[in-house]
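The structure appears below as structure tokens.
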Number of protein chains: 2
Amino acid sequence: MKAFSLLMSEKDFHSITTAEIARTAEVTEGLIYKYFKDKKDLLYQVLNEHFFEFQAKIENRIANEKTCIEQLEVIIFSSLESYTANRIFSKILLLEVRNSLDFFESCAYEMVRKYTTTILSIIEKGIETGELKPETDPHILRKVILGAIEHACLGEIIFGREFDIDETSTGIANIVFNGAKA
Amino acid sequence: MKAFSLLMSEKDFHSITTAEIARTAEVTEGLIYKYFKDKKDLLYQVLNEHFFEFQAKIENRIANEKTCIEQLEVIIFSSLESYTANRIFSKILLLEVRNSLDFFESCAYEMVRKYTTTILSIIEKGIETGELKPETDPHILRKVILGAIEHACLGEIIFGREFDIDETSTGIANIVFNGAKA
DNA sequence: TCAATAAGGTAAGTAACACTTACTCACAAT
DNA sequence: ATTGTGAGTAAGTGTTACTTACCTTATTGA
């Protein structure tokens, strides 16, 4: 997994060969298949490992906030932070796993679901308490928030283009909560 | 390209074999390589074809709108419409091409850039004319809009889950322009 | 104490796949 | 008549993910 992560920072999943992984890990190719079902399984496991830490950190932070808007701001900030701090994790999650249907049956996807479900319930609570407009569609608000986060990170992952997390985070929150219309 | 498109509606890029493409097109495998550099090139060409129509339609519609907000609303609606009307195009653009760096050097990506540049200049004009808040960061607003559009379509592409274009479109516009905060 | 079992590891495959090569044929243009 | 070109093919080739059969060294339980 360490060898694979290293290679993932250099090139994309498909151009990494099993021979290369074995050579980097200083074992033989066959051994990989003692521990992993296939190459994709290795990918998912690496994703899982990173995602676990991400999940733990973010849930902790959410618990510290009171208002719905503050919680969502924490989610936006923490997601951006995690994505930029861990390029391999981001690359796998945003670019690699999605084009294979079997990911959506993996346990890693279960964690993604849990995370997005949390977001949805925060939004719903916000509408109930009157923090958010009553006509807000929770699913659409979630799509806007998640889409914005992911799109913001793509440039970084693909081109290595850096961005200011604070600035982007408050920028997204500002548009999503206050709107861009004058 | 027709054969490939057909196969793309059934499975993902990587599980389509050259043999299968050839069989579907009723030619031999070798002939594919007379017209396309490699399998990826075929993918990019199909994307290009679809993208061309998309671009033409959308530019036309934008020209018919006067205000910046109306133009952006047209972009949101038309993008959702195009993505849902053309699942193969969407699948390639949102899931397949991104994980390969050479896409970003292809002419297809040039068209994507042109499209996103148009969006940016509409936003900038909106800030100038006072339609949008002066403190709006144009790049971030673009990220939020594009991210929301793309994220909204992912569920449809991946799970075949359908959604109401009008509802989603006005929902996104509502959040982005008016904000979700009460 | 010692065989049985399992854990860690390897070398040498194999089938499938993307892609190449060397060729044929039809048919226009010179 | 000859030459060049575009369309097409059959039969490869090298690489790649994955498998098999085997070896070695600990651990364990009767």
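Since this is a predicted model, take the numbers as computed values, not measurements. We name chains A, B, ... by the order of the sequence lines, and we start the count at 1 in each one.
Using bins of under 30°, 30° to 60° and over 60° for the plane-to-plane angle, the ring pair B/F13/B/F4 lands in the perpendicular bin. Between A/F51 and A/F89, the ring planes lie tilted relative to each other; the angle falls in the 30° to 60° range.
Nucleic acid contact for B/I16: sugar-phosphate only, since backbone atoms but no base atoms lie under 4.0 Å from a heavy atom of the residue.
With rounding to whole Å, B/I32 atom CD1 is found 13 Å from C/dC17 atom P. If you measure from atom NE2 of B/H14 to atom C1' of C/dC17, you get 9 Å, rounded to the nearest angstrom. Atom P of nucleotide C/dC17 and atom CZ of B/R23 are separated by 10 Å, given to the nearest angstrom. Nucleotide D/dA17 holds its P atom 12 Å from the CG atom of A/L7, rounded to whole Å.
Neither B/I145 nor B/L120 shares a network with the other; the hydrophobic side chains, linked directly or stepwise wherever heavy atoms of I, L, V, M, F, W or Y lie under 4.5 Å apart, form separate groups for each. By the criterion of side-chain heavy atoms lying less than 4.5 angstrom apart, applied directly or through intervening Ile, Leu, Val, Met, Phe, Trp or Tyr residues, A/L93 is grouped together with A/F52 in one hydrophobic cluster.
The side chain of A/T18 contributes no N or O atom lying less than 4.0 Å from OP1 or OP2 of D/dT16. Dashed line: the shortest gap from a side-chain N or O of A/Y33 to OP1 or OP2 of D/dT19 is not under 4.0 Å.
A donor-acceptor pair under 3.5 Å is formed between the side chain of B/T118 and the backbone N or O of B/K114.
Contacts classified as ring-ring contact (aromatic ring centres under 6.0 Å, His included) and involving residues 146-182 of chain A (residues at least two apart or in different chains) are given here: A/F159-B/F104.
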Using nucleotides 8-10 of chain C, report all nitrogen or oxygen pairs with the protein that are shorter than 3.5 Å.
| residue | atom | partner | partner atom | Å |
| --- | --- | --- | --- | --- |
| C/dG8 | OP2 | A/Y35 | OH | 3.4 |
| C/dG9 | N7 | A/K34 | NZ | 3.2 |
| C/dG9 | O6 | A/K34 | NZ | 2.5 |
| C/dT10 | OP2 | A/T28 | N | 3.0 |
| C/dT10 | OP2 | A/T28 | OG1 | 3.0 |

